[in-house]
Asker: 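Shown below is the structure under consideration.
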Amino acid sequence: MRRAGALVRREALRTAAALLAGLALALAFPPYDLWPLSLVAVGALAVLTHRRTARQGAWTGLVLGMAFFVGLLKWLNVIGWDAVLGLSFLQALFLAALGAGLAFTSRLPAWPLWAGCLWVAEEWARDRLPFGGFPWGRLAFANTGSPYTPLAALGGAPLVTFAVALTGTLLAAAALGAWRLRRTAAPVRAAEPADRAPVPDAAQAGPRRRSALQTAAACALAAVVTAAGYAVPVPTKVADTVDIAVVQGDVQQPGMDFLGRPMLILDNHVEATLKLADRIDKGEVDRPDLVIWPENASDLDPHKHRAAHDRIDEAADAIGAPILVGALVDHPTEEGYVENQGIVWDPRTGPGASYTKQHPVPFGEYVPFRDVLSTVITRLQRVPRDFWPGDRTGVLQVGPARLGDVICFEIAYDEIVRDTVNDGARALVVQTNNATYGRTGQPEQQLAMSKLRAVEHGRAIVTAATSGISAIVAPDGTVEQRTEEFTQDVLLAELPLRDDITLADRVGAAPEWALAIVGLLSCAWALVLRRRTRGTARLAEGRQQ
């Protein structure tokens with residue numbers, strides 16, 4: 001405790017700066033969307049950890065991480081502030097490791113390059129650990145409308161993160177170089193007349209020239225990396241189109257108890273669809289080729305509850321088009337488990353092909369170590385049944401369109417979306433239910449991920465939400481339509497369908513693995529150089545003795 005206290009006292013100013021940098025990074029994300037602050041935060045962490053010890057770097061990263069994730073994930077306070085702080089601390093541990101790595105490699109040549117790779121390595125680990133990871137808060141998701149966004153079509157979200165981290169660290173290197181130049185400015189010699197220019201000391205001229213060149217080079221490279229995105233073509237050529245309707249039925253109330261009485265949410269979506277059918281019959285709008293309902297549009301299993309089945313049948317018959325229905329379905333063989341599905345509901349033949357969510361959310365859709373944790377954390381008993389994960393992608397034929405279904409948080413996971421596109425999805429659908437986190441900024445954060453994925457895969461993306469935000473995103477990442485939260489609404493659109501895949505889809509996770517491995521190897525290089533330097537110093541000391 002004494003050592004910890006001493007560390008806090010010594011690092012007070014650095015800790016305060018890390019805290020502010022973390023808050024700035026949170027403001028770079030929706031709903032604030034101040035993406036340049038992501039560069040500021042990355043640069044601040046690079047400066048604060050430069051030539052520090054690994055322990056000091058870890059502390060700085062931890063403080064920045066806590067401030068960042070508390071600001072980013074404050075929407076979890078619907079569940080409780082303990083959930084916000086607990087998850088933030090877990091995620092901040094990865095930033096602590098990043099801070100240690102940045103400090104460790106900051107003495108290497110070309111250290112901004114290794115820093116950019118380490119940011120990718122940190123996100124690689126955080127996206128996978130523990131319990132399948134939590135990709136929220138990636139630098140790429142703060143840059144869905146910045147000059148770096150088009151890079152997603154080349155190397156996915158990891159390449160965008162690398163470009164942002166490299167740029168921010170290069171700017172930090174330029175700032176440190178400018179500071180060194182200022183500190184080594186040559187004084188005016190006393191013997192020189194006052195009207196003559198100061199003569200720099202000969203011993204300082206060489207180092208100052210090198211510092212000036214390094215500073216200029218860092219600025220130039222930062223500009224090149226930033227401008228690189230403008231040279232990347234974003235594929236948007238359309239093969240054909242399909243007319244769709246996106247139904248947002250709304251819920252009874254926001255928060256944990258959004259469901260209300262049984263059948264309420266389903267009735268809302270049926271009624272909104274019937275109203276649309278009435279407008280079609282009156283000739284006010286054209287009949288869509290397909291209709292999309294959100295996740296949990298039916299809170300009862302329509303295969304087992306006749307009332308739910310009949311209501312969906314009524315809506316499909318009235319609209320005269322297939323409906324992609326989000327529903328909770330009892331597992332057919334594993335008793336006590338439930339599946340989160342998207343079901344293609346035909347107006348003539350009823351329920352057909354379906355997709356089961358592959359990545360249930362830990363502690364939200366299933367409880368790890370339930371027998372132990374639910375007795376300690378009684379709030380977990382509000383998750384009465386565990387969700388069973390699906391084992392295939394969500395490519396479904398919905399009327400004339402081959403769509404890729406991605407359910408809720410799955411949009412944050414690279415491999416799920418990429419595999420869906422590579423399996424033949426011509427457009428993507430995100431069925432989601434954000435009613436628990438309505439008006440907290442969480443729906444905006446999720447919509448930003450759809451914007452990046454659209455560019456990454458060259459696919460239009462439809463977000464269908466029970467209470468909002470439902471949206472239509474073009475293949476270039478432009479949000480063409482969106483709803484307000486907690487309103488009943490219907491979006492009508494001509495959805496572009498594409499067959500070509502991007503380079504990011506072809507190379508898959510290779511850029512992420514390559515950058516992450518380079519980052520880890522840079523730490524190994526720094527360790528070897530450190531041991532070699534210490535060994536040389538000890539040898540010299542022994543010779544002197």
Side-chain angles (χ1 to χ4, degrees), residues 25-26 29 61-62 64-66 68-70 72-73 75-76 79 83-99 101 117-142 144 152 155-162 164-165 340 356-370 373 380 383 386-391 393-394 406-420 430 432 434 437 442 445-446 448-450 452-453 456 504 508-517 519-520:
L25 185 55
F29 288 78
L62 181 67
L64 184 147
M66 276 299 294
F68 165 50
F69 283 109
V70 169
L72 181 75
L73 304 177
W75 43 266
L76 270 175
I79 299 174
V84 176
L85 296 175
L87 182 56
S88 296
F89 178 73
L90 178 63
Q91 299 299 299
L93 291 176
F94 292 93
L95 271 294
L98 171 64
C117 293
L118 284 172
W119 272 95
V120 176
E122 176 268 329
E123 291 187 358
W124 175 93
R126 192 161 55 82
D127 296 351
R128 291 163 172 82
L129 301 170
F131 307 118
F134 185 68
W136 232 261
R138 300 167 71 178
L139 292 179
F141 295 151
T144 60
L159 186 59
V160 177
T161 286
F162 173 73
V164 173
N340 191 350
T356 300
K357 186 177 183 180
Q358 301 173 70
H359 199 299
V361 178
F363 303 104
E365 294 177 327
Y366 76 98
V367 179
F369 314 113
R370 175 181 288 274
L373 292 180
L380 295 177
V383 184
D386 289 337
F387 283 43
W388 190 269
D391 57 4
T393 62
V406 177
I407 297 180
C408 201
F409 279 22
E410 289 185 326
I411 191 66
Y413 294 89
D414 293 347
E415 66 280 0
I416 291 178
V417 185
R418 181 173 57 245
D419 291 347
T420 303
V430 182
T432 187
N434 295 321
Y437 309 112
Q442 187 268 357
Q445 292 174 9
Q446 188 172 321
M449 298 177 194
S450 293
L452 184 78
R453 298 303 186 196
E456 180 178 355
E512 181 183 27
W513 279 90
L515 291 169
I517 290 172
L520 296 177

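Computed from a predicted structure; not experimentally measured.
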Asker: What pair of heavy atoms forms the shortest contact from Ser450 to Val430, and how long is it?
Answerer: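 Looking at all heavy atoms of both residues, the closest pair is OG-CG2, 4.0 Å.
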Asker: To the nearest 0.5 angstrom, please state how far the CG atom of Leu118 sits from the CH2 atom of Trp124.
Answerer: 13.5 Å
Asker: Compare every heavy atom of Gln445 with every heavy atom of Trp75, then report the nearest pair and how far apart it is.
Answerer: NE1-OE1, 3.0 Å
Asker: Mind telling me whether Phe134 and Phe409 have parallel, tilted or perpendicular rings, with 30° and 60° as the class edges?
Answerer: tilted
Asker: Could you state the interatomic distance from CG (Leu520) to SG (Cys117), rounded to the nearest 0.5 Å?
Answerer: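 Answer for the CG-SG pair, Leu520 versus Cys117, is 9.5 Å.
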Asker: Using only atom types and a distance under 3.5 Å, with no angle test, would you say the side chain of Glu410 pairs donor to acceptor with the backbone of Gln358?
Answerer: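 Yes.
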Asker: Checking side chain to side chain contact (heavy atoms under 4.5 Å, CB included) for the pair Val160/Leu139: CA distance, chi angles, key distance, verdict?
Answerer: CA-CA 8 Å; Val160 177; Leu139 292 179; over 6 Å; no
Asker: Decide side chain to side chain contact (heavy atoms under 4.5 Å, CB included) for Ile79 and Tyr437; before the verdict, give the C-alpha distance in whole Å, the side-chain angles of both, and the deciding distance to 0.1 Å.
Answerer: CA-CA 9 Å; Ile79 299 174; Tyr437 309 112; 3.5 Å; yes
Asker: Specify the closest pair of heavy atoms between Gly65 and Ala92, including all atoms of both residues, with the distance to one decimal.
Answerer: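 The answer is C-CB, 3.6 Å.
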Asker: Check Trp388 against Thr356 and note the closest heavy-atom contact, atom names and distance.
Answerer: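 Result for this residue pair: O-CG2, 3.7 Å.
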Asker: Could you tell me the separation between the CZ atom of Phe387 and the CG atom of Asn340, rounded to the nearest 0.5 Å?
Answerer: 5.0 Å
Asker: Using a strict cut-off of less than 4.0 Å between a Lys/Arg side-chain nitrogen and an Asp/Glu carboxylate oxygen, indicate whether Arg418 and Glu512 qualify as a salt bridge.
Answerer: no
Asker: Taking Ala140's backbone N and O only, do any of them form a donor-acceptor pair with Thr161's side chain (distance below 3.5 Å, no angle check)?
Answerer: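 The answer is yes, because a donor-acceptor pair under 3.5 Å joins these two groups.
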Asker: Give, for atom CG of Leu62 and atom CG of Leu93, the distance between the pair rounded to the nearest 0.5 Å.
Answerer: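 Answer for the CG-CG pair, Leu62 versus Leu93, is 6.5 Å.
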Asker: Please find the pair of heavy atoms, one from Pro368 and one from Pro362, that lie closest to each other, and give the distance.
Answerer: CG-CB, 4.2 Å
Asker: Any donor-acceptor pair under 3.5 Å linking the side chain of Glu123 with the backbone of Pro158?
Answerer: no
Asker: Would you confirm whether the ring centroid of Phe131 sits within less than 6.0 angstrom of the ring centroid of Tyr366?
Answerer: no
Asker: Run the side chain to side chain contact (heavy atoms under 4.5 Å, CB included) check on Phe141 and Leu452 step by step: do they pass?
Answerer: CA-CA 7 Å; Phe141 295 151; Leu452 184 78; 3.7 Å; yes
Asker: Give, for atom CG of Leu95 and atom CZ of Arg126, the distance between the pair rounded to the nearest 0.5 Å.
Answerer: 6.5 Å
Asker: Where the side chain of Arg453 meets the backbone of Ile411, is there a donor-acceptor pair that is under 3.5 Å apart?
Answerer: yes
Asker: For residues Val383 and Glu365, report the shortest heavy-atom separation together with the two atoms involved.
Answerer: CG1-C, 4.2 Å
Asker: Please walk me through it: do Arg138 and Asp414 pass side chain to side chain contact (heavy atoms under 4.5 Å, CB included)?
Answerer: CA-CA 12 Å; Arg138 300 167 71 178; Asp414 293 347; 2.9 Å; yes
Asker: Got a second to check how far Leu73's CG is from Phe68's CZ, nearest 0.5 Å?
Answerer: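 Going from the CG atom of Leu73 to the CZ atom of Phe68 covers 7.5 Å.
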